[in-house]
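Take a look at the structure set out below.
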Protein chains: 2
Amino acid sequence: MNVEQAMDTLKKEGYKTTGKREQLVKIFANEKRYLTAKEALIKLQQTYPRVSFDTVYRNVSLFVDMNILEETELDGERWYRYRCATSKHHHHVICVECGKTKQIEACPMDMLSPQTNGEFQIIDHKFEIYGLCYVCQP
Amino acid sequence: MNVEQAMDTLKKEGYKTTGKREQLVKIFANEKRYLTAKEALIKLQQTYPRVSFDTVYRNVSLFVDMNILEETELDGERWYRYRCATSKHHHHVICVECGKTKQIEACPMDMLSPQTNGEFQIIDHKFEIYGLCYVCQP
DNA sequence: TACTAATTAAGAATGATTACGATTTATAAT
DNA sequence: ATTATAAATCGTAATCATTCTTAATTAGTA
């Protein structure tokens, strides 16, 4: 999924393709790491100085719904990253300082015996490894 | 770890064993599921009607540090549960409605090749399966 | 029992996120 | 190209969970 594809997805679903949306998608596409809403706002303000918090929050939520971004939660704050181009389902090692990631190919769901989940109706799962990347290590 | 052991742990570390702390530990020990701070407060107020939010937040944080509780984050809110008695490291299926849990014995960290994490210095990991328990299913 | 440090209550402050009314803009039909 | 309209945005206020502050209370101990 590149930027044009993301914008096409939006248009196909009836959403408008505004300059701010395109720039916001570009920011995530370029960074390829987890960003907070605030970080994304600051970067977006380099192009649109008067853009508001509301616009960022509204759009990252939309992008998550549209599968353009993926979301996680670190220390009471939501982080967003561009959904990886590799179509194969995978997980991440995440740097808790800068949001940099590294793919983990294996998914633990593949190794569970069918009755592990018992009477639960499964909705989702999360497997994340947290750490410090080379740059952020003390 | 039972309630007395938990209180002994606190005392050993120089913390005072107050009635509110003991009752709060008891609440989690009885429930054996994830609770929000608000839920814990409401239950604690059945015994101590004038107890404040601050007391709950301060103490659940302390209990997490002391390894008496474990913590997770669901939809922008922190949930806490009594640390399972089984000493063996494990993970959970969690009901996103009521916080009820079921143990998962396997840990995905055991199956990673050593170089998976590359240049990351690993701090922690999370593997959780989210779903609806039998009671909460529509 | 009295002292000292930890704990607590009450409410204010904080920080992230969401909501709202007014204004602007993208889109599609003319 | 112009216009109508519905969506998107701005600016700001509101909300929600959590943390902080200060003064009063309490547990542990001498």
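What you see is a predicted model, and the numbers here were worked out from it, not measured in a lab. Convention: sequence-line order gives letters A, B, ...; per-chain numbering from 1. Keep in mind that the numbers below use all heavy atoms, side chains included, and drop hydrogens, waters and symmetry copies.
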Expected rows: protein N/O vs nucleotides 23-26 of chain C N/O, under 3.5 Å:
from, atom 1, to, atom 2, distance (Å)
C:dA26, N3, A:Lys16, NZ, 3.2

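Considering only side-chain N and O atoms, B:Arg78 lies nowhere under 4.0 angstrom from the phosphate OP1 or OP2 of C:dA16. Side-chain nitrogen and oxygen atoms of B:Lys20 include none within less than 4.0 Å of the OP1 or OP2 phosphate oxygen of C:dT8. A sub-4.0 Å separation between OP1 or OP2 of D:dC10 and a side-chain N or O of A:Thr55 is present. Under 4.0 angstrom from either OP1 or OP2 of D:dA8 there lies no side-chain N or O belonging to A:Arg58. Regarding contacts with the backbone of C:dT18, every side-chain N or O of A:Tyr57 stays at 4.0 angstrom or more from both OP1 and OP2. The shortest distance between the side-chain N/O atoms of A:Arg50 and the OP1/OP2 oxygens of D:dG11 is below 4.0 Å.
A rotation axis mapping the C1' atoms of four pairs onto the next four is fitted at both ends of the helix from C:dT1-D:dA30 to C:dT30-D:dA1 over five pairs, and the angle between these axes is 30° to 10 degrees.
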Assess the residue pair A:Lys102 and A:Ile129 against the criterion (side-chain contact (heavy atoms from CB on, under 4.5 Å)); give the C-alpha distance rounded to whole Å, side-chain angles, the decisive distance to 0.1 Å, and a yes or no. CA-CA 10 Å; A:Lys102 185 173 193 311; A:Ile129 301 178; over 6 Å; no
Take B:Thr101 and B:Arg81 through the side chain to side chain donor-acceptor pair (under 3.5 Å) test and state the conclusion after the steps. CA-CA 9 Å; B:Thr101 60; B:Arg81 87 156 262 155; 2.3 Å; yes
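A:Glu39 has a carboxylate O that lies under 4.0 Å from a charged side-chain N of A:Arg33, or vice versa, which qualifies the two as a salt bridge.
B:Arg58 and B:Thr55 form a side-chain donor-acceptor contact under 3.5 Å, judged by distance and modelled atom types alone. Neither side chain, A:Thr17 nor A:Glu22, offers a donor N or O lying under 3.5 Å from an acceptor on the other. In this structure, a donor-acceptor pair under 3.5 Å is present between the side chains of B:Lys126 and B:Thr72.
Not a single donor-acceptor contact under 3.5 angstrom links the side-chain atoms of A:Asn59 to the base of D:dA8.
Minimum atom distance to the side chain of B:Lys38 is reached by D:dA17, of the listed D:dA17, C:dT7, D:dA8.
Each of A:Ser52 and B:Lys11 lies near DNA chain D, and the nucleotide nearest A:Ser52 is the one positioned closer to the 5' end. The nearest heavy atom of DNA chain D to B:Trp79 and to A:Asp54 marks one nucleotide each, and the one closer to the 5' end goes with A:Asp54.
Classification of the A:His89-A:His91 ring pair by plane angle, with boundaries at 30° and 60°, yields perpendicular.
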